[in-house]
> 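Got a structure for you, questions after.
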Amino acid sequence: MKKYTIYFLVFATAAASLVSCGPKWTETQSNGFKLVKNKGGKTLGYSTSSGVKLITADWFGFKDLNKNGKLDKYEDWRLPAEERAKDLASQLSIEQIAGLMLYSRHQRIPAGSNGFMAGTYNGKPFEESGAKPSDLSDQQKKFLTDDNLRHVLITLVESPEVAAQWNNNAQAFVEGQGLGIPINTSSDPRHGTVANAEFNAGAGGKISMWPSSIGMAATFDPEVVKSFGHIAAQEYRALGISTALSPQIDIATEPRWNRFSGTFGEDVSLATDLARAYVDGFQTSEGESEIADGWGYHSVNTMVKHWPGGGSGEGGRDAHYGFGKYAVYPGNNFAMHFLSFTEGAFKLQGKTKMAAAVMPYYTISYNQDTKNKENVGNGYSSYIINDLLRTKYNYDGVVCTDWSVSADETALDVFITGKSWGVESLTLGQRHYKILMAGVDQFGGNNDKGPVIEAYNMGVKEHGEEFMRKRFEQSAVRLLKNIFRTGLFENPYLNTEESKTTVGNPEFMKAGYEAQLKSIVMVKNKGNVLPLQKQKKVYIPKKFTPAGRNFLGVPIPEKLDYPISLDMVKKYFTVTENADEADFALVCIAGASSGNGYNSEETKKGGTGYVPISLQYNEYTATTARDPSLAGGDPLEKFTNRTYKNKKSKAINTTDLTMVTDTFKKMKGKPVIVSVQLSNPSVFAEFEKMANAIVVNFSVQDQAVLDVLTGATEPSGLLPLQIPANMETVEKQNEDVPLDMECHKDSEGNNYDFAFGLNWKGAIQDSRVEKYKKK
C-alpha cells in the first residue's frame, strides 16, 4: 500500500510541476493587433496582419520579428538594451542601416494637398481619395519600404485619436518587413497656447498648454520645467511620439536672434538647470512604467539642440538662411555655450543619465576649429563633433543633423532651402560622407537612402569594407538603443481610447495653466494701480497687423482687430469703446519686430541686402554698427563684408507703439495698463513712461493675463532676459556674451535687468533671485 502511495505522490508532484511551468502568458486581440501579457514580464503587442508570430522560451512569450522560428538576442526583452541593439545591428544589411540613419521630412496627418508637407493617397490628394485621416500616404509607404526609413517627424495631427490610429497603421506596416524594426516617431514642441482658449478647472482640452520655453525660464523654477517634461512625455507617448526634437538649450546671448523665445534665456546657470530638468522630465519613467535604468513606457527620448550653441549669430541673423550662417565670438566665449549641454543635459539627476540625442545647429562656428581650421556647418565639423562632443565630453548618444543640411542652397533668403554651409561645392554623396566621418549618426529631413549608400561606398574605397561596416554598426547601435529603451520593440501599439483620455486631460491642463500664471512678469506698478477691481470699465484699442508673409512664405493678410479676446475680457470687466467712459485702458502689444536682417529688395537697387534687426518700434539708423563684419561669404554673394552700418530699419509692428501713445492721450491721465507679449528683448523706453503698469508675458492664454491683472494670482515671474535701454547698447554688446547690455531704468527707479520682477509688495527678493541674480 505504501508503494502505491509513493507512486501517486511522485506523479501528483510531477503533474503539479508541469502545470506550474506552463506558459506564463495570456493573449487577447483588439483593434487589429494582439496583446500578450507575460506574467512577471513584458506586455507584447503585434499586428495580426504583419505575419509576426509568437514564440515561447522558458515559458515566456516573445515576438519572432525576423520570422526565423527561434529567439534571437534582440527579440529577448529580458536582455539589456545595448546587448539587444548590438545583436540586431550585426544582422542588418548596409541598406537597412542606411535607412535607419534617415529622419523623415515633416509629415502632416493627414497629408496636405500642397506645400512642403503635401502627399497623396493612391495618387490623389487626401480630399479626393476617400482615404481615412489615419491612413499612410503614398510617400510614407515608399520611404518606409523602399528606403527602410524608421524615424518619422510628424507635425500637424487632426486629433489624438487619429494620431494613435496612424501610429498603429504605420507600426503594423513596418512590423512584417525585414527584421521588424518599429518606427520611432518624433515631434517638434507642440504644447504652445491658444490665446483665446478658456481654462476651466476640471475640463480637458486638445493638449495641455504651457508658456514658451522663455516663459518657463521666467518661472525660474526647474521643478515647473520637470513637471512639464513628465506631463508632455505622457501626452507624446499617447500620440505615438517617442522622441522630442527638444529642448532648445542654446544660450541666447544675442538678443536679436529670432529663435530667442525657444530657449531658456541668456543666463547660463538658469538655462543649464532648466535643460537638466526638461530632459529628466521627458526621459524618466517610474514605477510600473519603468523598464530599466529609468527608461520605459512613459519615456520620450530628448534630442537637445543645438550643439555647440546657436545663440550668437552675427547681428542676430539666423542660420536657417544663408545670410545668417555665421555664429561669431567677439567675446571669446565659445566654450561657455557648451555648459547647458555638458553640465545640464549630459549630467541628469535621473537614472537615464544623459540626453538620448543631440542636434548640431546649421551655423558655422566661425574660426573656432583650432585643429583643422575649417569653417563649415557644425554637423560637418569633425572638430565640433568628434573632437569636442564625442571625445572631450564623452558623448556616445545619437547625433542627428538639423533638417536639410545636405541639400543645395537655392537662395539666400528662403527658409525652405538647403543649408550646406561651408561645403556648397561638395556633391550630395560627399556631404553625407563628410557628415558621417565627422561623427554624426543621422540625417535630418532626408527620406532617401541613396546618398547614404554612396557615402558608404566612398568610405569603403578610402578605409576598406571592414572599417565602414564597423562605422555603420556604431551608428546603428546608438539609434536602436533609443527604440529598445522606450519599449517599442515589445509593444508599439496604442489604445485609441486611452490616447483620447490622456492627451489634454484636466490634470495636465491645470498644470499647464498654473505654469502660465507663474511665467507672467510684472515690471511696473506705479501707485499700486494693480490689481484691478473687477467690473470696472475698460477701453481696449484695436491692433493693426500689416500684410506680410510668415517664415514659410505664406501670405498673412492685413488685419484690424482686438488683440485680446473680448469674450474673455467681459468675464472680468465692462468693455467700452469710448475712452472718456473708461476707468482704465488695457493696451495689448507685442515686442518690437523688424524682420530677419536681410532685405532682398535692397539687392535689386545695388545694395548688399543686409539691414539692422531693430528691437525698437521707431525707425532706427545703425550708426554704431560693426564695419566690417566679423564673418561673411556665400557662393551666391560676391562680397564678404556683411555690415549694415548707417542703414535704417523700422519695426513691422510700429503701430503697436501708436496704440500706447494714442491711448495715453485719450485717457487724459487715467490709468493705462500695457500688456506686452515678448519673443525677444525689446526697447521699452519708447512707451514705458506712458504706462501706469506693465506686465510681460511669453505666449500665454489671455485668461492668465487677466487673472494676474485682477489679483486672482499674484505675479511671481522674473525677467529671464535683459530689457535694453536703447539700440546703441544692443549694437555694443557681444553676440556671444550674456547679460552685457545697459538695461532700461523706469520712472519708478527700477532697472529691467535679468531676474527682476514685481509682486504686490514690490521688487521680488526670494531664493530664486538670490541663486541666479548676478551680484
Side-chain angles (χ1 to χ4, degrees), residues 251-258 260 265-267 311-318 324 326-333 523-524 589-599 602 607-608 610-631 641-654 656-657 660-661 676 678-691 694 696 719-754 756 774:
I251 309 300
T253 48
E254 170 47 61
R256 295 164 290 189
W257 187 32
N258 67 8
F260 194 105
E266 58 181 310
D267 179 73
S312 63
E314 185 164 20
R317 298 183 295 270
D318 180 61
Y326 296 103
V328 295
Y329 302 88
N332 297 315
N333 212 28
V523 294
K524 187 174 183 179
I589 64 175
S593 174
S594 69
N596 55 26
Y598 189 84
N599 184 354
E602 193 201 56
T608 63
Y610 291 90
V611 294
I613 298 175
S614 177
L615 300 180
Q616 70 180 39
Y617 298 94
N618 285 318
E619 187 173 77
Y620 165 64
T621 303
T623 56
T624 61
R626 181 186 293 134
D627 186 12
S629 62
L630 293 176
N641 185 3
R642 294 180 162 191
T643 184
Y644 51 82
K645 187 172 184 177
N646 295 322
K647 292 185 180 181
K648 300 180 185 295
S649 181
K650 190 174 183 180
I652 299 165
N653 62 331
T654 186
D656 281 23
L657 176 61
V660 181
T661 56
V676 189
L678 285 186
S679 298
N680 291 78
S682 189
V683 176
F684 281 20
E686 295 168 295
F687 67 84
E688 176 266 313
K689 289 182 180 179
M690 301 176 217
I694 302 173
V696 176
L719 287 175
L721 45 75
Q722 293 182 313
I723 299 297
N726 47 53
M727 276 303 297
E728 285 68 32
T729 190
V730 175
E731 291 290 1
K732 185 179 179 181
Q733 59 88 35
N734 289 319
E735 286 95 336
D736 61 324
V737 177
L739 307 173
D740 60 342
M741 294 190 294
E742 176 191 353
C743 296
H744 176 73
K745 189 172 184 178
D746 73 8
S747 64
E748 307 307 290
N750 289 315
N751 210 35
Y752 293 3
D753 202 349
F754 173 79
F756 170 72
K774 299 299 177 285

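Side chains included, hydrogens not; waters and symmetry mates left out as well; all remaining heavy atoms used.
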> Tell me every residue that passes side-chain hydrogen bond (donor to acceptor under 3.5 Å, both in side chains) with Asn653, counting only those two or more places apart in sequence or in another chain.
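Asp656.
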> For Lys648, give me all partners under side chain to side chain contact (heavy atoms under 4.5 Å, CB included), at least two apart in sequence or on another chain.
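Listed in chain order: Glu619, Thr621.
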> Do Leu721 and Pro255 have side chains that get closer than 4.5 Å, going by heavy atoms?
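No, side chains not in contact.
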> Restricting to ring pair (Phe, Tyr, Trp, His ring centres under 6.0 Å), what partner residues turn up for Tyr617, sequence neighbours left out?
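Applying ring pair (Phe, Tyr, Trp, His ring centres under 6.0 Å) to Tyr617 gives none.
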> What closest approach, in Å, do Ser682 and Leu615 show between heavy atoms, and which atom pair accounts for it?
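Between these two residues, the closest heavy atoms are OG-O, 3.4 Å.
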> Any side-chain heavy atom of Thr253 sitting closer than 4.5 Å to one from Ser312?
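In short, these two side chains touch, coming nearer than 4.5 Å.
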> What residues form a ring pair (Phe, Tyr, Trp, His ring centres under 6.0 Å) with Tyr610, not counting sequence neighbours?
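For Tyr610, the residues satisfying ring pair (Phe, Tyr, Trp, His ring centres under 6.0 Å) (neighbours in sequence not counted) are Tyr598.
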> Give every residue pair that meets the salt bridge (Lys or Arg N to Asp or Glu O under 4.0 Å) criterion with at least one member in residues 721-743, sequence neighbours excluded.
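For residues 721-743, and leaving out neighbouring residues, the salt bridge (Lys or Arg N to Asp or Glu O under 4.0 Å) pairs sorted by first residue read Arg256-Glu731, Arg626-Glu735.
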> In terms of heavy-atom contacts, does NZ of Lys647 have more than 12 from other residues, nucleotides or ligands at under 6.0 Å?
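It does: Lys647 NZ has more than 12 such atoms within range.
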> For Asp627, check side chain to side chain contact (heavy atoms under 4.5 Å, CB included) against everything at least two apart and list the hits.
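By the side chain to side chain contact (heavy atoms under 4.5 Å, CB included) rule, Asp627 matches Asn641, Thr643, Lys645.
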> Any side-chain heavy-atom pair from Glu314 and Arg642 closer than 4.5 angstrom?
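No, every pair of side-chain atoms sits at 4.5 Å or beyond.
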> Go through the steps for Glu266 and Leu739 under the test side chain to side chain contact (heavy atoms under 4.5 Å, CB included), then give the verdict.
CA-CA 7 Å; Glu266 58 181 310; Leu739 307 173; 3.6 Å; yes
> Any side-chain heavy atom of Thr661 within less than 4.5 Å of one from Met690?
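SC-SC contact between Thr661 and Met690 confirmed.
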> Asn332: what forms a side-chain hydrogen bond (donor to acceptor under 3.5 Å, both in side chains) with it, not counting sequence neighbours?
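Testing Asn332 for side-chain hydrogen bond (donor to acceptor under 3.5 Å, both in side chains), a comparison that skips the adjacent residues, returns none.
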> For Gly331 and Val737, work out which heavy atoms get closest and say how close.
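The answer is CA-CG2, 3.9 Å.
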> Is there a side chain to side chain contact (heavy atoms under 4.5 Å, CB included) between Glu254 and Gln733 once you walk through the steps?
CA-CA 8 Å; Glu254 170 47 61; Gln733 59 88 35; 2.9 Å; yes
> Can you name the ring pair (Phe, Tyr, Trp, His ring centres under 6.0 Å) partners of Tyr644, sequence neighbours left out?
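Tyr644 satisfies ring pair (Phe, Tyr, Trp, His ring centres under 6.0 Å) with no other residue.
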> Is the shortest heavy-atom distance from the side chain of Asn750 to the side chain of Val523 under 4.5 Å?
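The answer is no; the side chains never approach within 4.5 Å.
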> Check side-chain hydrogen bond (donor to acceptor under 3.5 Å, both in side chains) between Thr729 and all other residues, then give those that pass, not counting sequence neighbours.
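Scan of Thr729 (side-chain hydrogen bond (donor to acceptor under 3.5 Å, both in side chains), adjacent residues dropped) gives none.
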> Quick one: side chain to side chain contact (heavy atoms under 4.5 Å, CB included) partners of Asn258, sequence neighbours excluded?
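Per chain and number, Asn258 pairs via side chain to side chain contact (heavy atoms under 4.5 Å, CB included) with Asp318.
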> Quick check: do Phe756 and Ile723 have side-chain heavy atoms less than 4.5 Å from each other?
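Side-chain contact under 4.5 Å: no.
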> Please find the pair of heavy atoms, one from Ala725 and one from Ala685, that lie closest to each other, and give the distance.
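Shortest heavy-atom separation between Ala725 and Ala685 comes out as O-CB, 3.9 Å.
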> Please determine whether side chain to side chain contact (heavy atoms under 4.5 Å, CB included) holds for the pair Phe684 and Val676, giving the CA-CA distance in whole Å, both sets of side-chain angles, and the decisive distance to 0.1 Å.
CA-CA 10 Å; Phe684 281 20; Val676 189; 4.2 Å; yes
> Between Ile694 and Glu688, what is the shortest heavy-atom contact and its length?
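Shortest heavy-atom separation between Ile694 and Glu688 comes out as CD1-CG, 4.0 Å.
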> Does Tyr752 form a side chain to side chain contact (heavy atoms under 4.5 Å, CB included) with Asp746? I'd like the steps, not just the answer.
CA-CA 8 Å; Tyr752 293 3; Asp746 73 8; 2.7 Å; yes
> Measuring only between side-chain heavy atoms, which start at C-beta, is Phe687 closer than 4.5 Å to Ile589?
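Touching, per the 4.5 Å side-chain cut-off.
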> Which residue, Ser614, Ser649, Pro612, forms the side chain to side chain contact (heavy atoms under 4.5 Å, CB included) with Met727?
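Filter result, single survivor: Ser614.
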> Would you say the side chain of Ser747 lies within less than 4.5 Å of the side chain of Lys524, judging by non-hydrogen atoms?
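A side-chain contact under 4.5 Å exists here.
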> Which residues pass the side-chain hydrogen bond (donor to acceptor under 3.5 Å, both in side chains) test with Asp753, not counting sequence neighbours?
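With neighbours one apart ignored, the set is Gln722, Lys773.
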> With sequence neighbours left out, write down each residue that passes ring pair (Phe, Tyr, Trp, His ring centres under 6.0 Å) with Phe754, or none if nothing qualifies.
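In terms of ring pair (Phe, Tyr, Trp, His ring centres under 6.0 Å), with neighbours along the sequence ignored, Phe754 is linked to Phe220.
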